[in-house]
Participant: 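Have a look at this one before I ask anything.
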Amino acid sequence: MPELDSQTWLLVILIAALLFIIIYSAVKGLLKMLLLAIALCSSVVVWIFIQNKGFTLLSCITSAPRPWMVQTLAWCAAALVLAIFFHGMSWFAQLFSPSKKKAGVCSIMTTSLMCILTMWVCTIAVSYYGTISRVSFAHDLAEAHYHSAATPEVPAFMRGKAIIRRASGLSWLESIDPLESAVQSNLACLVAYGCSLTEEEYTRFYDQRLAGLGIPHSRRFLDLFADAGLRKLVQEGRFVALLENDRLNTFLHYNGTADYLKNIDGVIDGLL
């Protein structure tokens, strides 16, 4: 191994110092950007949650909650979440500073709230992608059952959501998940399955599996399965658009259909 002269050693040290500064700054900036992204996501999720649950929350305070009260509460809560994260990021920056300032009670509370909100948002994200994966899985199962495709594996997000929902200490999260709708998920799975089939196949699927569920005017399923727009969404794998499609929402608002589809996850999983 050749010996290095003093100038070469100095150059190596300077390059090493430069790399350290670049990596240090990149990690610090990356973590700050990640926290900022989580802050914005948390704020939006809280806003959506209060938009959906605001009247219920305000009913504990007043017997006649108004829409403006819900809007005020939603925006104030979203601003509060941002304030918590920005204060937390200020404290987080101290971790990279040479000062050894002790964390006070306020910093500890801020960090705890940041952790709780981050876990909540991450849980909601897993749940949402688990729902999309379930709809996609229904399509893959239809291909396997009717078109000799390979039997699909259960998606990771779908398994993750099932674990979260079955855990006794975490099952309550479903009640505060603003993106969760068992009704839409169940219907989207059936549509993804039916729209993957030919007319003869989805008619047989309806006669053998769906007709006996007791859903009012259930033959409307055949209209959904035959809908060219829905079939195109399924064919292109656009399952997010399928889940939020207006045709499905209209279907659910007819004569209490949503009540029949709300609590039959196991039935639908069995059908598929």
Participant: Identify the two heavy atoms, one from I50 and one from A77, that lie closest to each other, and give their separation to 0.1 Å.
Facilitator: CD1-CB, 3.2 Å
Participant: Could you check Y206, F225, F205 and say which one makes a ring-ring contact (aromatic ring centres under 6.0 Å, His included) with Y193?
Facilitator: F205
Participant: Any chance you could measure L73, atom CG, to W68, atom CH2, to the nearest 0.5 Å?
Facilitator: 10.5 Å
Participant: Measuring from atom CG of L197 to atom NE2 of H147, what distance do you get when rounded to the nearest 0.5 angstrom?
Facilitator: 5.5 Å
Participant: Heavy atoms only: give me the nearest M158-R134 pair and the separation to one decimal.
Facilitator: SD-CA, 3.8 Å
Participant: Any sub-3.5 Å donor-acceptor pair from S185's side-chain atoms to S181's backbone N or O?
Facilitator: no
Participant: Can you find a pair of side-chain heavy atoms, one from S43 and one from L82, that are under 4.5 Å apart?
Facilitator: yes
Participant: Would you mind reporting whether L224 and L190 have side-chain heavy atoms less than 4.5 Å apart?
Facilitator: no
Participant: How close do R231 and G194 get, heavy atom to heavy atom, and via which atoms?
Facilitator: NH1-O, 3.9 Å
Participant: Who are the salt bridge (charged side-chain N to carboxylate O under 4.0 Å, His left out) partners of R247, not counting sequence neighbours?
Facilitator: D227
Participant: Ignoring hydrogens, what is the shortest heavy-atom contact between V46 and A78? Give both atom names and the distance.
Facilitator: CG1-N, 4.3 Å
Participant: Decide yes or no for D140 and E153: does some side-chain heavy atom of the first lie under 4.5 Å from some side-chain heavy atom of the second?
Facilitator: no
Participant: Considering only distance and modelled atom types, tabulate donor-acceptor pairs under 3.5 Å from the side chains of residues 233-240, sequence neighbours left out.
Facilitator:
unit_1, atom_1, unit_2, atom_2, d
E236, OE1, R238, NH1, 3.1

Participant: Grab the two heavy atoms, one from S133 and one from F157, that are nearest each other, plus how far apart they are.
Facilitator: OG-CB, 3.7 Å
Participant: How about F221 and F251: are their ring centroids closer than 6.0 Å?
Facilitator: yes
Participant: How far apart are the closest heavy atoms of A192 and L242, and which atoms are they?
Facilitator: CB-CD2, 3.9 Å
Participant: Going by side-chain contact (heavy atoms from CB on, under 4.5 Å), name the residues that satisfy it together with S127, two or more places apart in sequence or in a different chain.
Facilitator: K161, R165, D177, E180
Participant: Tell me whether Y146 at atom OH has more than 12 heavy atoms from other residues, nucleotides or ligands lying less than 6.0 Å away.
Facilitator: yes
Participant: Between L248 and Q184, is a side-chain contact (heavy atoms from CB on, under 4.5 Å) present by the stated rule, with each step listed?
Facilitator: CA-CA 7 Å; L248 272 62; Q184 282 183 304; over 6 Å; no
Participant: With the side chain counted from C-beta on, respond yes when H139 and V135 share a heavy-atom pair under 4.5 Å apart, and no when they do not.
Facilitator: no
Participant: Mark yes or no for whether S136, through its side chain, and I132, through its backbone, hold a donor-acceptor pair below 3.5 Å.
Facilitator: no
